[in-house]
2 protein chains.
Amino acid sequence: MTSIQSGAKRDMEMSTKPAANGAHKAAIRQENEEQILAAAERVFADYGFKGATTARIAEIAKVPKANVHYYFSTKEALYRRIMEDVCDHWLEAAMTFDNSADPAVILRGYIEAKMDLSRARPYGSRLWAHEIIRGAKFSSEYISTTVKDWLDSRVIVIKGWIDEGKMDDIEPYSLMYMIFATTQHYADFGRQIEIFNNDQPLSEEQFAEAKENVVRIILKGVGLNETHP
Amino acid sequence: MTSIQSGAKRDMEMSTKPAANGAHKAAIRQENEEQILAAAERVFADYGFKGATTARIAEIAKVPKANVHYYFSTKEALYRRIMEDVCDHWLEAAMTFDNSADPAVILRGYIEAKMDLSRARPYGSRLWAHEIIRGAKFSSEYISTTVKDWLDSRVIVIKGWIDEGKMDDIEPYSLMYMIFATTQHYADFGRQIEIFNNDQPLSEEQFAEAKENVVRIILKGVGLNETHP
DNA sequence: TTTTAACCTGACCAAACGGTCAAGATAAAT
DNA sequence: ATTTATCTTGACCGTTTGGTCAGGTTAAAA
């Protein structure tokens, strides 16, 4: 980082300094919280709740450990806060699975949204994996209400498509689990895929090809050809 | 367990007691090691390497903590030993994917073997998931040699099928990742599936149906109909 | 019976853990 | 200029952690 860039960066960052009211303090708070949250997401994603340490979070966030506890009272509070963010993003992807239009279009859109989420926020996906593997101690209520309600409603939509003869008579839950599994695999097992790919992360082209293959196999697998219903 | 069964069981287990040489000591060693290994597999699967504690392993194995260290010098040695077992079982399932016979028969056999492994040894699958999520610190060499060699050889087999026009022209790695993801999902995310299934583990019938659905969707998805090549 | 080798474990240790706190630094309000 | 509220952090605390060890018990060998 050159001195010129530093100067430019400082100008940007400090532009709120002389603003009215306590804008500077608020900006400091926001920046520190974001720093800590980003670090915590990584550490929790790597080690799970029990294995993660506040010291490591502080180290990555580049703040003293005591400062972590100033912004987030306990390790658990920090964990829950991050889980909320992860759930929000999941819900956003879930909303792409509406019950309008053509089944093939909807399924394709949903699979692509889930694949993109795995690419954009792999730490969130891995955090979720930890949470479930450990027995969903923090989130079983959320799963048994919000997520289950959504899933059951999508199963009904799929059953409707089956009844209308638009696709094969497959068990909708099995299909949904396959979509969950395959799309999240690209985040959760990203390191394994990277090793198979000669220790290189998937390029944008490779990932796009993988996404297209996932869509093709699943759509054809349930009897949905995209040209016409 | 009735007293008759208990008696029968004791006869079996203790039959080596008065045998020649140090058979009793050997039996004690074997039983304790098995107890500790089984407990460790569960605890490591729940919490990962860092999150797991030797105290918890000892508690579940019903031996004093010092005894765990008598049989396995360090936590890491115990972890590596269990990883070996997991890899052995994976290799066994991998061997069902040979390059003889009909593609549909082979793929079906491999998917079913992986599904059965997820059902029979969910802890091993979850342990593997932890290991990969954390960055494959202990097993990257194993993956980049043994597993990668096997995977690359299977990709060549699949490419052969594609060249012979036996199945659609899909990217073989994408297909393999889908099989890994979907089959392991039934172990790694078993708790989530259980919640969706009204807090009941999948029954044998439900699991068999899921297995059949996975096979059907994937085979059809890559253009393999099972009646004839 | 005596000796020897293996097994067992309560008590302990240094290091790492989540969390606290007092005292100082900074910036907004008066 | 002074007060007030927020932000910062080194030092600390009680607990848990992986690991050790001396002294004991048990069973095989002599």
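The shown structure was predicted, so the numbers you read here are calculated from the model rather than taken from an experiment. In what follows, every chain begins at residue 1, and chains take the letters A, B, ... in the order their sequences are listed.
Heavy atoms of B/Ala58 sit nowhere under 4.0 angstrom from any nucleic acid atom.
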Given the rule in the side chain to side chain contact (heavy atoms under 4.5 Å, CB included) test, do A/Ser174 and B/Glu209 qualify, once you have shown the distances and angles that lead to the verdict?
-> CA-CA 9 Å; A/Ser174 300; B/Glu209 187 183 3; 5.7 Å; no
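In terms of the salt bridge (Lys or Arg N to Asp or Glu O under 4.0 Å) criterion, residue partners of B/Arg80 (sequence neighbours excluded) are, by chain and number, B/Glu76.
For the residue pair B/Ser118 and B/Gln184, no side-chain donor N or O sits within less than 3.5 Å of a side-chain acceptor on the partner. Side-chain contact annotation: A/Glu84 with A/Tyr79, donor-acceptor N/O pair under 3.5 Å absent.
Non-hydrogen atoms lying under 4.0 Å from DNA chain D are contributed by A/Ala66, A/Asn67, A/Tyr70, A/Tyr71, all within residues 66-83 of chain A.
Residue pairs meeting the side-chain hydrogen bond (donor to acceptor under 3.5 Å, both in side chains) criterion with at least one member in residues 149-158 of chain A, sequence neighbours excluded: A/Lys148-A/Asp152, A/Asp152-A/Tyr173.
Taking every side-chain heavy atom of B/Asn32 into account, C/dC8 is the closest of C/dC7, C/dC8, C/dT9.
Rounded to whole angstrom, the span from the CD atom of B/Glu59 across to the P atom of D/dT17 amounts to 11 Å. For the pair A/Gln30 CD and D/dC7 P, the interatomic distance rounds to 13 Å; values are reported in whole Å. Following rounding to the nearest Å, B/Ile57 (CD1) and D/dT16 (P) show an atom-to-atom distance of 18 Å. Look at NZ on B/Lys65: it is 7 Å from C1' on D/dG19, rounded to the nearest Å. At whole-Å resolution of the value, OH in B/Tyr47 and C1' in D/dT16 are 14 Å apart.
Between D/dT6 and A/Arg29, no contact under 4.0 Å exists linking OP1 or OP2 to a side-chain N or O. Phosphate contact (OP1/OP2 of C/dG18, side-chain N/O of A/Lys50, threshold under 4.0 Å): absent.
A salt bridge is defined here as a Lys NZ or Arg NE, NH1 or NH2 lying under 4.0 Å from an Asp or Glu carboxylate O, and B/Asp116 with B/Arg121 fails to meet this definition.
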